[in-house]
Amino acid sequence: MKYSQLYAPTLKEAPADSEVPSQELLIRGGFIRKIAAGVYTYLPLGRRVLLKIERIVREEMDRIGANEILMPIIQPAELWKQSGRWDDYGPEMMKLRDRHDREFTLGPTHEELVTFLIQNELNSYKQLPMTLYQIANKYRDEIRPRFGVLRAREFIMKDGYSFHDSWESLHETYKAHRQAYSNIMERLGLKYAIVEASSGAIGGSESHEFVAFADTGESNILYCDCGYSGNDERVPYVGEVVYESEEEKPIEKTYTPNVKTVEDVANFLNVPVRKIVKTLIYKGRNGYFMALVPGDRELNEEKLKAFVNDQSLVFATPEEILKDFGVPIGFLGPVGVKGIRIIADTQVKGMKNFVVGGMEKDYHYVNVNVGRDFVPDEWTDLVVAREGDPCPVCSKPLKMEKGIELGHIFKLGTKYSEAMGSKYMDRDGQLKPFIMGCYGWGISRTMGAIVEQLHDEKGIIWPLSVAPFTTIITPVSNNENLMKFATELYEFLLLKGEEVLFDDRNVSPGVKFSDADLIGIPFRITIGKTLNEGFVEIKWRTGYQLRVEADFEKIYEALNVSKEKYNPHERV
Ligand code: 9G3
C-alpha cells in the first residue's frame, strides 16, 4: 500500500483522557478513534491488526474442530427470562424495545441464544460433541469504561460453546481449548499465565483465565514457584485461623463522631486496622446479608455470591441502609442485630476484643468478642487473596503480578440446558440436558494488551504476526533516483507477497521515521544517500540495523532472515 493512499492520521499529542499506553498510542497512531465512552471506530491500521488477531484465533479454533457461526446481536428477553438472568445484571445489560414494544437486549454474551439455537438442531448423542463459535460485537454498559479498548462498552469477542453427552467429553474439549488458547498467546508473542479463575455468574465448576502480564492490567494474578496460579477473585485463603490469646475485655459503646472509614476508626481509637471487623451489607434476591471481614482485608464479592448462591447480589446503597437499618453506612455492626443472615470470614473466628460499628450514628463497640456479644450464622472464606497469603497447594507465600484477561474458559455443565429445556436423546433413549462448556477470547482487548506489553517511548512495537504491515519502504526524499529505486523495490516485494507499506509522502525523513516508529512497523528499509554507494539500510523496530546491498533479491533475503530472528520483546 502507498502511504499517500493510506488513511492513517497520526497525532503528535496524546488525548488528554488517556490513562494507559495502549489508549494513547492506538489513538496517536491512527488505529482507533473514540466515538463515545467505551465506543471506538477502528481505522484502517486498526482494522488490519484486528483481522490478523481474528485470523490467528479462527485458525486455532478451526484446528480443534470448532464450527464458526454468526449469531444475532439483538436477543429476545424471553431467552434471558428462561435462564433466569434477565434481572441479574442491572444497568450493565443494554435493554431496548422494538416497534411492537417487545423487549430485547444487545447481547453481552450468547449462552442463552446458542442453547436455544441447538435445541432444534442437535437432538441425538450421535451429533455430540459439537463446538460452535462466533467472532462478533458484544455490548456491556460498563459502569466505568476506561483504558480505551481494554475495557470498552462495545467490543469484539470470540465466544464459543460446546455441547456434550458426558463430563469426560466436555473435559476433552476443555483441554483442547486450553491448548488452542496457549497457541494463540504464543502466536501473538505475549507473555502470559494460565490461572484458575472464578466461574462467578456463569455458574458451572471449573474455569481458567489466560492473562497477558501488564502492570496496567485489572486482573491480579497470584502465583507460586510450585506452579500454582490463580486470579485473586478465585484464590481461596487457606491460612490457619490465628487465635489471639488475650483475655476478653468488657464490651464498651464508644462515641466516635464522624469516623466512618476503617482507617479513620483505627486512628481515632488508636488501634491497628486488623483489630477492626468491617461490616458490609449486601442485597440479594431474598433480602439483605451482613458480611464480616477483618479490617485489613477486602471482601471478595465473587466468594460471597457463590456462598449464598445469588449472583444478583449488590452492595446495599447508603440510602437503603439508612432507610432499612436506621444507621449511616460507617457505623454498621453485628452486635444486637436480629433478622439478617450474618456471614463472617473464618479469620474473624480467632480475633479478640475487636472493634465493630455501634449500629448507631457516631458510635462504635470496642472489645467485642464472638460468642459473648454476637454469633454469626455462618463462617466461610470471604476475603480477596493477596500477595504473601499462603499458597493453597504448598503454603509458601504467594507472589502477585498484574495482568489483562484475554481468554476465559468455563465448564458450565447443565446450568443453561436445564434452565432452557435443551435436551438430546442419549444412547439409552433418555432425553438428557446437554453438558456444556463456553470459551471466550477478547479480540479487540488483545490489540490493547499487545501494545501494553510491546511499546517504547517512540511508539508501538507490533509482533510480526499482527503488524498492520511487516515492512515500510522509506525514501529519505523524493529525489528522482531514490523514488525510482523505492518504487521498483516496492513492486518487487509486493510480487513476493510481502505486506509492504511504501512511504511515498512528500514529507521530511524525520516525520517518516517517527511515524514508522509510532505505528510500529517491524522493519524499515531506508533508501538514502548510501544508495549511491549501492546500499540501503534495514532497521528493525526493536533497534537492530543492518546495511544491505541495493539489490532486490538480497534485500528480500535479508528481510526473510530478519523475520526469522525478530523478537519484539528484545530491544537491541
Ligand atoms: C450479562 C452482562 C455482563 C456479563 C454477563 C452477562 C460477563 C456474563 C460472563 C460471561 C461468561 C462467558 C461466553 C464467552 C466467554 C465468557 N459479563 N458474563 O455472562 F448480561 Cl450485562 O460472559 N460467556
Side-chain angles (χ1 to χ4, degrees), residues 38 57 61 66 68-71 73-96 103-118 131-145 151-163 170 173-174 177-178 180-181 184 195 197-211 218-219 231 233-234 301-302 305-306 310-314 404-413 415-417 419-420 436-446:
V57 170
M61 288 299 102
E68 184 166 7
I69 62 173
L70 186 59
M71 293 181 271
I73 292 172
I74 200 167
Q75 302 184 20
E78 287 68 29
L79 298 180
W80 287 75
K81 289 175 180 165
Q82 254 184 315
S83 71
R85 298 206 297 161
W86 182 248
D87 303 313
D88 269 13
Y89 288 86
E92 190 183 336
M93 198 175 202
M94 284 189 165
K95 299 178 179 176
L96 63 160
E103 285 186 295
F104 288 82
T105 176
L106 296 179
T109 184
H110 281 65
E111 282 79 358
E112 281 78 2
L113 200 139
V114 76
T115 308
F116 169 74
L117 170 75
I118 56 106
T131 299
L132 304 175
Y133 78 93
Q134 65 169 354
I135 297 182
N137 284 28
K138 297 252 185 287
Y139 298 78
R140 291 177 184 173
D141 200 352
E142 298 277 352
I143 190 161
R144 199 156 73 93
R151 182 167 288 283
R153 291 194 291 166
E154 177 175 338
F155 55 97
I156 302 159
M157 180 193 275
K158 186 285 294 179
D159 50 318
Y161 306 88
S162 65
F163 303 91
L170 169 58
T173 299
Y174 192 84
H177 276 82
R178 257 184 88 112
Y181 278 25
I184 293 169
V195 301
S198 70
S199 41
I202 200 72
S205 56
E206 194 180 341
S207 92
H208 287 83
E209 280 178 7
F210 289 72
V211 180
E218 294 178 300
S219 296
N231 179 305
E233 279 180 357
R234 162 84 184 197
E301 285 192 0
E302 289 304 319
K305 286 176 177 177
D310 180 348
Q311 292 307 328
S312 71
L313 219 56
V314 288
I404 300 167
E405 178 203 329
L406 294 182
H408 200 159
I409 59 177
F410 302 78
K411 289 183 178 176
L412 291 175
K415 170 179 167 114
Y416 292 91
S417 48
M420 305 185 71
M436 296 170 61
C438 70
Y439 319 89
W441 189 283
I443 301 282
S444 43
R445 177 181 279 186
T446 295

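Whatever order the structure lists ligands and atoms in, that order sets their numbers, starting from 1.
Contact atoms of ligand 1 toward Met93: 20 (F), 21 (Cl) (distance under 4.0 Å to a heavy atom of the residue). With ligand atoms numbered from 1 in the order given, ligand 1 contributes 11 (C), 12 (C), 16 (C) to contacts under 4.0 Å with heavy atoms of Phe410.
Taking Trp441 as the reference, Tyr181 meet the ring-ring contact (aromatic ring centres under 6.0 Å, His included) condition, with sequence neighbours excluded.
Counting heavy atoms of neighbouring residues, nucleotides and ligands inside a 6.0 Å radius, atom CZ of Phe116 does not exceed 12 of them.
Counting only non-hydrogen atoms, the option in Asp141, Asp159, Asp87, Leu412 that gets closest to atom 14 (C) of ligand 1 is Asp159. Nearest-residue assignment for atom 5 (C) of ligand 1 (options Tyr133, Tyr89, Trp80, Trp86; heavy-atom criterion): Tyr89.
Between the CG atom in Asp141 and the CE atom in Met94 there is a gap of 4.0 Å [rounded to 0.5 Å]. Here the NZ-CE distance, from Lys415 to Met436, works out to 11.0 Å after rounding to the nearest 0.5 Å.
The shortest N or O to N or O distance between Glu111 and ligand 1 is under 3.5 Å. Looking at ligand 1, you'll find an N or O of Arg85 within less than 3.5 Å of one of its N or O atoms. On a distance-only criterion, Arg140 and ligand 1 share at least one N/O pair closer than 3.5 Å.
Ionic pairing of Arg85 and Glu111 is present here: one or more N-O contacts between side-chain nitrogen and carboxylate oxygen are shorter than 4.0 angstrom. Checked for salt-bridge contact, Glu103 and Lys81 meet the test: a charged N lies under 4.0 Å from a carboxylate O.
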